[in-house]
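Index from 1, following the sequence.
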Amino acid sequence: MANAAPIFAFEVQYWITMLLLVFALVIEGVALVHAITQRGEGFAAIGTLPKGGWIAILAVCLVLTLLTGRVFNIFGLVGIAAALIYLLDVRAGLRDLHGGRGSSW
């Protein structure tokens with residue numbers, strides 16, 4: 001009975017890590033898709049990096065997170081940070097620029 005606890009703990013740790021990896025990939029993917037679907041003029045209007053710069057940063061972060069398969073390394077943490085900065089700062093600025101309607105397509 002005493003030997004079952006470490007095995008159970010490793011299994012719980014594995015599933016929590018997989019859940020966080022899926023969460024990180026979803027956040028990075030949503031940020032990348034949103035950056036791709038926005039117009040380029042909006043990025044310059046809110047005073048941030050150009051559209052191509054954000055797409056490059058988010059795509060590289062997404063690919064590195066996919067390739068490493070880990071969230072708790074430098075690539076995973078930078079990827080989550082870049083996606084959250086985009087979603088919480090740039091996306092909000094783009095939404096305010098278009099009057100709260102989102103994209104003007």
Grab the two heavy atoms, one from Ala24 and one from Val71, that are nearest each other, plus how far apart they are.
CB-CG2, 4.2 Å
Results of side chain to side chain contact (heavy atoms under 4.5 Å, CB included) for Asn73 - residues two or more places apart only
Thr68, Arg70, Phe75
Residues which pass side chain to side chain contact (heavy atoms under 4.5 Å, CB included) with Ile74, listed by chain and number, not counting sequence neighbours:
Val78
same_hphob_cluster(Val60, Leu62) at 4.5 Å side-chain heavy-atom cutoff
no
Side chain to side chain contact (heavy atoms under 4.5 Å, CB included) against Glu41, all qualifying residues, sequence neighbours excluded
Arg39
What side-chain donor-acceptor pairs closer than 3.5 Å can you find for residues 25-35, not counting sequence neighbours?
from, atom 1, to, atom 2, distance (Å)
Glu28, OE1, Thr65, OG1, 3.2
Glu28, OE2, Thr65, OG1, 3.3
Glu28, OE2, Ile80, N, 3.3
His34, ND1, Tyr86, OH, 2.9
His34, NE2, Gln38, NE2, 3.4

Side-chain heavy atoms nearer than 4.5 Å, only ILVMFWY residues, links allowed to pass through others: does that put Val22 and Leu77 together?
no
Hydrophobic cluster mates of Val63, side-chain heavy atoms under 4.5 angstrom, ILVMFWY only, any path?
Leu67
Less than 4.5 Å apart, side chain to side chain, heavy atoms only: is that true for Leu49 and Ile57?
yes
Working to the nearest 0.5 Å, report the span between SG of Cys61 and CG of Leu66.
11.5 Å
Let me check something: do Leu87 and Phe43 share a hydrophobic cluster, defined by ILVMFWY side-chain heavy atoms less than 4.5 Å apart, either directly or through other members?
yes
How long is the straight-line distance from OG1 of Thr48 back to CG of Asp89, given to the nearest 0.5 Å?
6.5 Å
Any side-chain heavy-atom pair of Phe10 and Gln13 under 4.5 Å
yes
Among all residues two or more places apart in sequence or in another chain, which pass the side chain to side chain contact (heavy atoms under 4.5 Å, CB included) test with Leu19?
none
4.5 Å side-chain heavy-atom contact, Ile85 and Trp54
yes
